[in-house]
Amino acid sequence: MKRALITGITGQDGRYLSEFLTGKDYQVFGVVRGQNNPKAELVLNENPSVELVDGDLRDLSSLIALVEQVQPDEVYNLGAMSFVQLSFTQPDLTAEITGLGVLRMLEAVRIVGGTQNNPVRFYQASSSEMFGKVRETPQNEMTPFHPRSPYGVAKVFGHNITVNYREAYGLHASSGILFNHESPRRGLEFVTRKITNSLARIKLGRQNQISLGNIDSARDWGFAGDYVEAMWLMLQQDEPDDYVVATGETHTVREFLDVAFRVAGYDDWKPYVRHDERFERPAEVDLLMGDASKAHSALGWKPKVSFEQLVQMMYENDLSEEQARTH
Ligand code: NAP
Ligand code: F7E
(Lines give C-alpha, C1' and ligand atoms only; values in the text may rest on other atoms or scores of the structure.)
(Ligands and ions follow the chains in the order given, each with its own letter.)
Protein backbone atom coordinates (compact mmCIF):
# COMPACT_ATOMS: atom_id res chain seq x y z
CA MET A 1 0.00 0.00 0.00
CA LYS A 2 1.46 3.39 -1.01
CA ARG A 3 1.55 6.13 1.60
CA ALA A 4 0.66 9.74 0.81
CA LEU A 5 1.13 12.77 3.07
CA ILE A 6 -1.13 15.75 2.24
CA THR A 7 -0.71 19.25 3.67
CA GLY A 8 -3.90 21.31 3.34
CA ILE A 9 -6.14 18.24 3.74
CA THR A 10 -8.87 20.38 5.32
CA GLY A 11 -9.05 22.58 2.19
CA GLN A 12 -11.06 22.06 -0.98
CA ASP A 13 -8.35 20.20 -2.91
CA GLY A 14 -7.11 18.19 0.07
CA ARG A 15 -10.59 16.75 0.58
CA TYR A 16 -10.92 15.69 -3.08
CA LEU A 17 -7.35 14.39 -3.26
CA SER A 18 -7.71 12.28 -0.13
CA GLU A 19 -10.81 10.59 -1.58
CA PHE A 20 -9.08 10.09 -4.94
CA LEU A 21 -5.99 8.50 -3.36
CA THR A 22 -8.03 6.29 -1.04
CA GLY A 23 -9.81 5.08 -4.19
CA LYS A 24 -6.38 4.15 -5.57
CA ASP A 25 -5.67 2.13 -2.41
CA TYR A 26 -3.28 4.59 -0.75
CA GLN A 27 -2.97 5.04 2.99
CA VAL A 28 -3.56 8.78 3.30
CA PHE A 29 -2.09 10.92 6.09
CA GLY A 30 -3.42 14.47 6.37
CA VAL A 31 -1.65 17.33 8.11
CA VAL A 32 -3.90 19.34 10.43
CA ARG A 33 -2.67 22.50 12.10
CA GLY A 34 -3.68 24.14 15.34
CA GLN A 35 -5.53 22.91 18.36
CA ASN A 36 -8.92 21.30 17.89
CA ASN A 37 -9.20 22.34 14.22
CA PRO A 38 -12.97 22.16 13.49
CA LYS A 39 -12.39 21.06 9.87
CA ALA A 40 -10.68 17.83 10.99
CA GLU A 41 -14.05 16.26 11.75
CA LEU A 42 -15.31 17.16 8.28
CA VAL A 43 -12.38 15.35 6.67
CA LEU A 44 -12.89 12.24 8.81
CA ASN A 45 -16.64 12.17 8.13
CA GLU A 46 -15.99 12.22 4.39
CA ASN A 47 -13.10 9.79 4.46
CA PRO A 48 -12.81 7.77 7.69
CA SER A 49 -9.72 5.93 6.45
CA VAL A 50 -7.57 9.10 6.58
CA GLU A 51 -5.10 9.34 9.41
CA LEU A 52 -4.73 12.91 10.68
CA VAL A 53 -1.35 14.09 11.92
CA ASP A 54 -0.31 17.39 13.55
CA GLY A 55 1.95 19.86 11.77
CA ASP A 56 2.26 23.43 10.57
CA LEU A 57 3.99 24.83 7.50
CA ARG A 58 5.48 27.53 9.76
CA ASP A 59 7.28 24.96 11.88
CA LEU A 60 10.13 23.04 10.22
CA SER A 61 10.68 20.60 13.09
CA SER A 62 7.02 19.53 12.97
CA LEU A 63 7.40 18.76 9.24
CA ILE A 64 10.62 16.78 9.68
CA ALA A 65 8.98 14.75 12.45
CA LEU A 66 5.98 14.12 10.20
CA VAL A 67 8.01 12.82 7.27
CA GLU A 68 9.97 10.59 9.68
CA GLN A 69 6.80 9.28 11.28
CA VAL A 70 4.72 8.76 8.12
CA GLN A 71 7.51 7.59 5.76
CA PRO A 72 5.47 8.71 2.76
CA ASP A 73 6.01 7.62 -0.83
CA GLU A 74 4.40 10.85 -2.01
CA VAL A 75 4.00 14.30 -0.43
CA TYR A 76 1.34 16.67 -1.77
CA ASN A 77 1.99 20.22 -0.53
CA LEU A 78 -1.43 21.86 -0.80
CA GLY A 79 -1.31 23.88 2.44
CA ALA A 80 -1.32 27.65 1.91
CA MET A 81 -2.91 30.96 2.80
CA SER A 82 -4.76 30.81 -0.53
CA PHE A 83 -7.09 33.84 -0.56
CA VAL A 84 -5.60 36.48 -2.85
CA GLN A 85 -7.52 39.40 -1.34
CA LEU A 86 -6.41 38.56 2.22
CA SER A 87 -2.80 38.38 1.05
CA PHE A 88 -2.86 42.17 0.52
CA THR A 89 -3.71 42.79 4.19
CA GLN A 90 -1.61 39.89 5.60
CA PRO A 91 1.41 39.83 3.27
CA ASP A 92 3.89 38.74 5.92
CA LEU A 93 1.80 35.73 6.98
CA THR A 94 1.20 34.86 3.33
CA ALA A 95 4.93 34.87 2.56
CA GLU A 96 5.54 32.76 5.68
CA ILE A 97 3.01 30.02 4.86
CA THR A 98 2.50 30.12 1.08
CA GLY A 99 6.13 30.93 0.28
CA LEU A 100 8.52 29.77 3.00
CA GLY A 101 6.19 26.88 3.90
CA VAL A 102 7.18 25.24 0.60
CA LEU A 103 10.86 25.54 1.43
CA ARG A 104 10.28 23.97 4.85
CA MET A 105 8.33 21.05 3.37
CA LEU A 106 11.06 20.51 0.77
CA GLU A 107 13.72 20.63 3.49
CA ALA A 108 11.84 17.98 5.48
CA VAL A 109 11.70 15.77 2.38
CA ARG A 110 15.37 16.40 1.54
CA ILE A 111 16.58 15.72 5.10
CA VAL A 112 14.50 12.59 5.72
CA GLY A 113 14.39 11.67 2.06
CA GLY A 114 13.02 8.13 1.97
CA THR A 115 15.23 5.29 0.86
CA GLN A 116 17.65 5.54 -2.06
CA ASN A 117 15.61 3.03 -4.04
CA ASN A 118 12.36 4.67 -3.09
CA PRO A 119 12.86 8.43 -2.74
CA VAL A 120 9.91 10.56 -1.63
CA ARG A 121 8.04 12.21 -4.52
CA PHE A 122 6.89 15.80 -3.99
CA TYR A 123 4.01 17.79 -5.50
CA GLN A 124 3.84 21.59 -5.18
CA ALA A 125 0.52 23.41 -5.63
CA SER A 126 1.63 26.24 -7.90
CA SER A 127 -0.90 28.69 -9.30
CA SER A 128 -1.94 30.62 -12.40
CA GLU A 129 -1.75 33.70 -10.13
CA MET A 130 2.00 33.57 -10.86
CA PHE A 131 1.24 34.77 -14.42
CA GLY A 132 -0.62 37.80 -13.03
CA LYS A 133 -0.25 40.62 -15.56
CA VAL A 134 -0.08 38.11 -18.35
CA ARG A 135 2.61 38.36 -21.03
CA GLU A 136 0.71 36.14 -23.49
CA THR A 137 -2.62 34.34 -23.84
CA PRO A 138 -3.10 31.46 -23.37
CA GLN A 139 -0.47 30.89 -20.68
CA ASN A 140 1.73 27.79 -20.75
CA GLU A 141 4.72 26.42 -18.81
CA MET A 142 7.09 28.82 -20.62
CA THR A 143 5.08 32.02 -20.05
CA PRO A 144 7.05 34.44 -17.81
CA PHE A 145 5.68 35.19 -14.34
CA HIS A 146 4.45 38.65 -13.32
CA PRO A 147 2.54 38.17 -10.05
CA ARG A 148 0.10 40.88 -8.94
CA SER A 149 -0.42 40.07 -5.26
CA PRO A 150 1.60 39.00 -2.23
CA TYR A 151 -0.04 35.59 -2.73
CA GLY A 152 1.19 35.41 -6.33
CA VAL A 153 4.67 36.50 -5.29
CA ALA A 154 4.79 33.84 -2.57
CA LYS A 155 3.66 31.19 -5.08
CA VAL A 156 6.45 32.22 -7.46
CA PHE A 157 8.94 31.63 -4.63
CA GLY A 158 7.35 28.25 -3.88
CA HIS A 159 7.48 27.30 -7.54
CA ASN A 160 11.08 28.38 -8.05
CA ILE A 161 12.35 26.72 -4.88
CA THR A 162 10.66 23.48 -5.99
CA VAL A 163 12.49 23.67 -9.34
CA ASN A 164 15.70 24.50 -7.48
CA TYR A 165 15.44 21.46 -5.16
CA ARG A 166 14.78 19.26 -8.17
CA GLU A 167 17.86 20.60 -9.97
CA ALA A 168 20.17 20.92 -6.95
CA TYR A 169 19.34 17.73 -5.02
CA GLY A 170 17.71 15.54 -7.66
CA LEU A 171 14.40 15.43 -5.78
CA HIS A 172 11.43 14.02 -7.66
CA ALA A 173 9.65 17.36 -7.20
CA SER A 174 6.91 18.48 -9.61
CA SER A 175 4.81 21.61 -9.77
CA GLY A 176 1.26 21.80 -11.02
CA ILE A 177 0.47 25.29 -12.28
CA LEU A 178 -3.23 25.01 -11.65
CA PHE A 179 -5.74 27.52 -12.93
CA ASN A 180 -8.83 28.32 -10.82
CA HIS A 181 -10.76 25.22 -9.86
CA GLU A 182 -13.99 25.26 -7.96
CA SER A 183 -16.56 22.92 -6.46
CA PRO A 184 -19.30 22.68 -3.84
CA ARG A 185 -16.38 22.45 -1.35
CA ARG A 186 -14.90 25.81 -2.37
CA GLY A 187 -14.53 28.29 0.51
CA LEU A 188 -17.33 30.87 0.74
CA GLU A 189 -14.82 33.72 0.37
CA PHE A 190 -14.05 32.89 -3.28
CA VAL A 191 -16.23 34.58 -5.89
CA THR A 192 -17.80 31.46 -7.45
CA ARG A 193 -19.04 29.95 -4.20
CA LYS A 194 -19.95 33.37 -2.85
CA ILE A 195 -22.25 33.77 -5.87
CA THR A 196 -23.83 30.28 -5.80
CA ASN A 197 -24.33 30.35 -2.04
CA SER A 198 -25.83 33.86 -2.06
CA LEU A 199 -28.02 32.96 -5.02
CA ALA A 200 -29.41 29.93 -3.18
CA ARG A 201 -30.20 32.20 -0.25
CA ILE A 202 -31.86 34.76 -2.57
CA LYS A 203 -33.94 31.98 -4.10
CA LEU A 204 -35.14 30.97 -0.64
CA GLY A 205 -35.88 34.58 0.38
CA ARG A 206 -33.07 34.70 2.95
CA GLN A 207 -30.94 37.35 1.26
CA ASN A 208 -31.69 40.25 -1.10
CA GLN A 209 -28.43 41.07 -2.84
CA ILE A 210 -24.85 40.00 -3.56
CA SER A 211 -22.07 42.57 -3.09
CA LEU A 212 -19.18 42.08 -5.50
CA GLY A 213 -16.01 43.84 -6.61
CA ASN A 214 -14.62 43.67 -10.14
CA ILE A 215 -16.95 41.52 -12.23
CA ASP A 216 -15.07 42.10 -15.50
CA SER A 217 -12.09 39.90 -14.62
CA ALA A 218 -11.90 36.61 -16.50
CA ARG A 219 -10.80 33.25 -15.18
CA ASP A 220 -10.20 29.75 -16.53
CA TRP A 221 -12.52 27.87 -14.16
CA GLY A 222 -12.45 24.06 -13.89
CA PHE A 223 -13.76 21.45 -11.44
CA ALA A 224 -11.50 20.63 -8.46
CA GLY A 225 -12.42 16.94 -8.61
CA ASP A 226 -10.90 16.74 -12.11
CA TYR A 227 -7.73 18.63 -11.11
CA VAL A 228 -6.61 16.36 -8.26
CA GLU A 229 -6.19 13.53 -10.77
CA ALA A 230 -3.61 15.67 -12.61
CA MET A 231 -1.65 16.12 -9.34
CA TRP A 232 -1.45 12.36 -8.89
CA LEU A 233 -0.53 11.73 -12.53
CA MET A 234 2.45 14.11 -12.21
CA LEU A 235 3.90 12.00 -9.41
CA GLN A 236 3.48 8.78 -11.42
CA GLN A 237 5.87 9.99 -14.15
CA ASP A 238 9.45 8.68 -14.25
CA GLU A 239 10.80 12.24 -14.39
CA PRO A 240 9.58 15.22 -12.34
CA ASP A 241 8.37 18.25 -14.30
CA ASP A 242 6.01 21.26 -14.29
CA TYR A 243 2.58 21.24 -15.91
CA VAL A 244 -0.17 23.76 -16.56
CA VAL A 245 -3.58 22.35 -15.62
CA ALA A 246 -6.53 24.28 -17.05
CA THR A 247 -9.64 23.97 -19.23
CA GLY A 248 -8.46 26.35 -21.98
CA GLU A 249 -11.69 28.38 -21.68
CA THR A 250 -12.04 31.74 -20.02
CA HIS A 251 -15.16 33.39 -18.58
CA THR A 252 -15.77 36.68 -16.79
CA VAL A 253 -17.42 36.92 -13.38
CA ARG A 254 -20.35 38.47 -15.32
CA GLU A 255 -20.65 35.26 -17.36
CA PHE A 256 -20.58 33.22 -14.17
CA LEU A 257 -23.50 35.35 -12.93
CA ASP A 258 -25.33 34.86 -16.27
CA VAL A 259 -25.16 31.08 -16.04
CA ALA A 260 -25.84 30.84 -12.29
CA PHE A 261 -28.92 33.08 -12.38
CA ARG A 262 -30.23 31.30 -15.52
CA VAL A 263 -29.86 27.92 -13.79
CA ALA A 264 -31.75 29.33 -10.79
CA GLY A 265 -34.61 30.48 -13.02
CA TYR A 266 -33.94 34.26 -13.19
CA ASP A 267 -33.89 36.32 -16.43
CA ASP A 268 -31.56 39.02 -15.14
CA TRP A 269 -29.03 39.16 -12.29
CA LYS A 270 -28.55 42.96 -12.30
CA PRO A 271 -31.31 43.76 -9.78
CA TYR A 272 -29.62 41.39 -7.30
CA VAL A 273 -25.97 42.44 -7.64
CA ARG A 274 -24.43 45.59 -6.21
CA HIS A 275 -20.92 46.88 -6.55
CA ASP A 276 -18.87 47.17 -3.36
CA GLU A 277 -15.39 48.58 -3.70
CA ARG A 278 -14.27 46.73 -0.55
CA PHE A 279 -14.03 43.64 -2.75
CA GLU A 280 -11.75 45.35 -5.30
CA ARG A 281 -8.03 44.55 -5.13
CA PRO A 282 -5.10 47.00 -5.15
CA ALA A 283 -3.80 45.18 -8.24
CA GLU A 284 -5.96 42.84 -10.29
CA VAL A 285 -5.30 39.88 -12.56
CA ASP A 286 -7.53 40.72 -15.53
CA LEU A 287 -7.50 37.57 -17.63
CA LEU A 288 -6.31 34.01 -17.21
CA MET A 289 -6.58 31.25 -19.79
CA GLY A 290 -4.40 28.17 -19.61
CA ASP A 291 -2.87 26.04 -22.34
CA ALA A 292 -2.78 22.54 -20.84
CA SER A 293 -1.55 20.77 -23.98
CA LYS A 294 1.53 19.42 -22.16
CA ALA A 295 -0.67 17.81 -19.48
CA HIS A 296 -2.91 16.42 -22.24
CA SER A 297 -0.07 14.81 -24.17
CA ALA A 298 2.37 13.81 -21.39
CA LEU A 299 -0.09 12.87 -18.63
CA GLY A 300 -3.14 11.93 -20.71
CA TRP A 301 -5.14 14.32 -18.51
CA LYS A 302 -8.28 16.14 -19.67
CA PRO A 303 -10.97 17.98 -17.69
CA LYS A 304 -14.38 16.28 -17.67
CA VAL A 305 -16.75 18.87 -16.17
CA SER A 306 -17.74 21.87 -18.34
CA PHE A 307 -18.16 25.46 -17.10
CA GLU A 308 -21.98 25.22 -17.26
CA GLN A 309 -21.98 21.86 -15.43
CA LEU A 310 -19.71 23.30 -12.75
CA VAL A 311 -21.92 26.33 -12.09
CA GLN A 312 -25.02 24.14 -12.00
CA MET A 313 -23.38 21.62 -9.63
CA MET A 314 -22.36 24.39 -7.24
CA TYR A 315 -25.73 26.15 -7.27
CA GLU A 316 -27.72 22.93 -6.79
CA ASN A 317 -25.49 21.86 -3.92
CA ASP A 318 -25.84 25.25 -2.21
CA LEU A 319 -29.60 25.20 -2.69
CA SER A 320 -29.96 21.80 -1.04
CA GLU A 321 -27.57 22.73 1.78
CA GLU A 322 -29.55 25.92 2.42
CA GLN A 323 -32.86 24.06 2.28
CA ALA A 324 -31.52 21.51 4.78
CA ARG A 325 -30.77 24.34 7.22
CA THR A 326 -34.51 24.90 7.81
CA HIS A 327 -35.01 21.38 9.24
P1 NAP B 1 -7.94 26.10 0.60
O2 NAP B 1 -9.29 25.48 0.49
O3 NAP B 1 -7.82 27.53 0.98
O4 NAP B 1 -7.08 25.21 1.63
C5 NAP B 1 -5.87 25.65 2.15
C6 NAP B 1 -5.36 24.63 3.13
O7 NAP B 1 -4.10 25.08 3.65
C8 NAP B 1 -6.27 24.39 4.33
O9 NAP B 1 -6.35 23.01 4.58
C10 NAP B 1 -5.54 25.09 5.45
O11 NAP B 1 -5.77 24.53 6.73
C12 NAP B 1 -4.10 24.84 5.04
N13 NAP B 1 -3.16 25.72 5.75
C14 NAP B 1 -3.24 27.05 5.90
N15 NAP B 1 -2.22 27.50 6.65
C16 NAP B 1 -1.47 26.41 7.00
C17 NAP B 1 -0.32 26.21 7.77
N18 NAP B 1 0.31 27.23 8.39
N19 NAP B 1 0.17 24.97 7.91
C20 NAP B 1 -0.46 23.91 7.32
N21 NAP B 1 -1.56 24.04 6.57
C22 NAP B 1 -2.08 25.27 6.41
O23 NAP B 1 -7.14 25.92 -0.79
P24 NAP B 1 -7.45 24.97 -2.04
O25 NAP B 1 -8.36 25.68 -2.96
O26 NAP B 1 -7.77 23.61 -1.56
O27 NAP B 1 -6.04 24.97 -2.76
C28 NAP B 1 -5.03 24.00 -2.42
C29 NAP B 1 -3.67 24.55 -2.82
O30 NAP B 1 -3.66 24.83 -4.22
C31 NAP B 1 -3.27 25.85 -2.15
O32 NAP B 1 -1.87 25.83 -1.99
C33 NAP B 1 -3.66 26.93 -3.16
O34 NAP B 1 -2.87 28.08 -2.96
C35 NAP B 1 -3.34 26.20 -4.44
N36 NAP B 1 -4.09 26.59 -5.61
C37 NAP B 1 -5.45 26.62 -5.58
C38 NAP B 1 -6.16 26.92 -6.72
C39 NAP B 1 -7.67 26.92 -6.73
O40 NAP B 1 -8.25 27.47 -7.69
N41 NAP B 1 -8.33 26.31 -5.76
C42 NAP B 1 -5.48 27.19 -7.92
C43 NAP B 1 -4.08 27.13 -7.92
C44 NAP B 1 -3.40 26.81 -6.77
P45 NAP B 1 -6.79 25.13 7.82
O46 NAP B 1 -8.04 24.34 7.65
O47 NAP B 1 -6.11 24.87 9.10
O48 NAP B 1 -6.97 26.58 7.53
O1 F7E C 1 -11.47 35.88 -7.35
C2 F7E C 1 -13.15 38.90 -8.58
C3 F7E C 1 -11.73 39.01 -8.06
O4 F7E C 1 -11.08 35.22 -4.97
C5 F7E C 1 -11.74 35.68 -8.72
C6 F7E C 1 -7.51 31.15 -5.44
O7 F7E C 1 -7.88 29.79 -5.35
O8 F7E C 1 -7.55 31.09 -7.83
C9 F7E C 1 -8.09 31.75 -6.70
O10 F7E C 1 -7.76 33.13 -6.74
C11 F7E C 1 -12.02 37.02 -9.38
C12 F7E C 1 -11.00 38.11 -9.04
O13 F7E C 1 -10.14 33.81 -6.87
C14 F7E C 1 -15.39 39.45 -5.81
O15 F7E C 1 -11.28 40.36 -8.06
C16 F7E C 1 -15.16 40.18 -7.83
O17 F7E C 1 -10.71 38.83 -10.21
O18 F7E C 1 -12.53 33.75 -6.44
P19 F7E C 1 -11.36 34.65 -6.31
P20 F7E C 1 -8.69 34.25 -7.40
O21 F7E C 1 -8.27 35.55 -6.87
O22 F7E C 1 -8.71 34.09 -8.89
C23 F7E C 1 -6.12 31.15 -7.96
C24 F7E C 1 -5.72 30.37 -9.19
C25 F7E C 1 -5.42 30.75 -6.73
O26 F7E C 1 -4.32 30.19 -6.77
C27 F7E C 1 -5.98 31.25 -5.45
O28 F7E C 1 -5.50 30.48 -4.34
O29 F7E C 1 -13.28 37.52 -8.91
N30 F7E C 1 -14.17 39.28 -7.62
N31 F7E C 1 -15.91 40.31 -6.72
C32 F7E C 1 -14.29 38.80 -6.37
N33 F7E C 1 -13.59 37.88 -5.69
C34 F7E C 1 -13.95 37.58 -4.43
N35 F7E C 1 -13.28 36.64 -3.74
N36 F7E C 1 -15.03 38.22 -3.83
C37 F7E C 1 -15.77 39.16 -4.47
O38 F7E C 1 -16.72 39.70 -3.92
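One-based numbering, in listed order, for ligands and for the atoms of each.
- Annotation: salt bridge (charged side-chain N to carboxylate O under 4.0 Å, His left out) contacts of Lys203 (sequence neighbours excluded): none.
- The backbone N or O of Phe179 sits nowhere less than 3.5 Å from a side-chain atom of Asp220 that would complete a donor-acceptor pair.
- Screening Ile215, Thr196, Val191 for a side-chain contact (heavy atoms from CB on, under 4.5 Å) with Phe256, the sole residue that qualifies is Thr196.
- Under a 4.0 angstrom heavy-atom cut-off, Tyr151 registers as being in contact with ligand 1.
- For ligand 1 and Lys39, the ligand atoms under 4.0 Å from any heavy atom of the residue are 45 (P), 46 (O), 48 (O).
- Residues Glu136 and Thr143 have side chains that bring a donor and an acceptor to within less than 3.5 angstrom of each other.
- Between Lys304 and Glu229 there is a salt bridge, since a side-chain N of the basic residue sits under 4.0 Å from a carboxylate O of the acidic one.
- Both tests do not hold together for Arg193 against Phe190: distance to the six-membered ring centre under 6.0 Å, angle to the ring axis within 45°.
- Of all atoms in ligand 1, numbered sequentially from 1 with element shown, those under 4.0 Å from a heavy atom of Thr10 are 8 (C), 9 (O), 10 (C), 11 (O), 45 (P), 46 (O).
- Protein heavy atom nearest atom 43 (C) of ligand 1, with residue, atom name and distance: Leu178 O, 3.1 Å.
- Polar contact with ligand 1: present for His181 (N/O pair, distance under 3.5 Å).
- Below 4.0 Å from some heavy atom of Asp56 lie the following atoms of ligand 1, by number and element: 17 (C), 18 (N), 19 (N).
- Relative orientation of the Phe145 and His159 rings is perpendicular, given thresholds of 30° and 60° on the angle between their planes.
- Heavy-atom distances between Ser126 and ligand 1 reach below 4.0 Å in at least one pair.
- Neither the backbone nor the side chain of Val32 comes within 4.0 Å of ligand 1, counting heavy atoms alone.
- Looking at Asp13 against ligand 1, both its backbone and its side chain come within 4.0 Å, counting heavy atoms.
- Heavy-atom contacts of Ser82 reach the following atoms of ligand 1: 1 (P), 3 (O), 23 (O), 33 (C), 34 (O) (cutoff under 4.0 Å).
- Of all the atoms in ligand 1, the ones that sit under 4.0 Å from a non-hydrogen atom of Ala125 are 29 (C), 30 (O), 32 (O), 35 (C).
- Of the protein's non-hydrogen atoms, Gly11 CA, 3.3 Å is the one closest to atom 4 (O) of ligand 1.
- Listed for the Asp59 side chain is a donor-acceptor partner under 3.5 Å among the backbone atoms of Ser62.
- For the pair Ala80 and ligand 1, the shortest N or O to N or O distance falls below 3.5 Å.
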How far apart are the C-alpha atoms of Glu107 and Arg104, what are their side-chain angles, what is the distance that settles it, and do they pass the salt bridge (Lys or Arg N to Asp or Glu O under 4.0 Å) test? CA-CA 5 Å; Glu107 271 293 89; Arg104 294 193 192 96; over 6 Å; no

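- If you check which protein heavy atom lies closest to atom 48 (O) of ligand 1, you get Arg33 NH2, 2.8 Å.
- Remark: the Gln236 side chain and the Glu74 side chain contain an N/O donor-acceptor pair separated by less than 3.5 Å.
- Ligand 1 does not have Thr7 within reach: every non-hydrogen atom of the residue lies 4.0 Å or more from it.
- Of the N or O atoms in Ser127, none lie within a sub-3.5 Å distance of an N or O in ligand 1.
- Thr192 and Glu182 are linked by a side-chain donor-acceptor pair at a separation below 3.5 angstrom, with hydrogens and angles left out of the test.
- A distance-only check finds no donor-acceptor pair linking the side chain of Thr98 to the backbone of Lys155 [under 3.5 Å].
- Other residues, nucleotides and ligands place no more than 12 heavy atoms under 6.0 Å from the CG atom of Asp267.
- Atom 31 (C) of ligand 1 has its closest protein heavy atom at Leu78 O, 3.0 Å.
- Considering only non-hydrogen protein atoms, atom 6 (C) of ligand 1 sits nearest to Gly8 CA, 3.6 Å.
- Every atom of ligand 1 with a heavy atom of Asn180 under 4.0 Å away is listed here by number and element: 40 (O).
- Closer than 4.0 angstrom to ligand 2 lie heavy atoms from Ser82, Phe83, Val84, Ser127, Ser128, Glu129, Tyr151, Asn180, Arg186, Glu189, Phe190, Val191, Lys194, Ser211, Leu212, Gly213, Asn214, Ser217, Arg219, Val253, Phe279, Arg281, Glu284.
- For the 3.5 Å distance criterion, the side chains of His251 and Asp258 fail to qualify, holding no donor opposite an acceptor.
- Between Phe223 and Tyr16, the ring center distance clears the sub-6.0 Å criterion.
- Geometrically, ligand 1 and Leu57 share a nitrogen or oxygen pair separated by less than 3.5 Å.
- The shell of residues lying under 4.0 angstrom from ligand 1, judged by heavy atoms, includes Arg186.
- Between Trp221 and Phe307, the ring planes lie parallel to each other; the angle is under 30°, not in the 30° to 60° tilted range.
- In summary, the atoms of ligand 1 found under 4.0 Å from a heavy atom of Lys155, numbered by their order in the structure, are 31 (C), 32 (O), 33 (C), 34 (O), 35 (C).
- From the protein, the heavy atom lying nearest to atom 2 (O) of ligand 1 is Gln12 N, 3.0 Å.
- Heavy atoms of Val31 stay at 4.0 angstrom or farther from ligand 1.
- The distance between the ring centers of Trp301 and Tyr227 falls below 6.0 angstrom.
- For an aromatic pair to be called close, the ring centres must be under 6.0 Å apart, and Phe83 with Tyr151 fails this.
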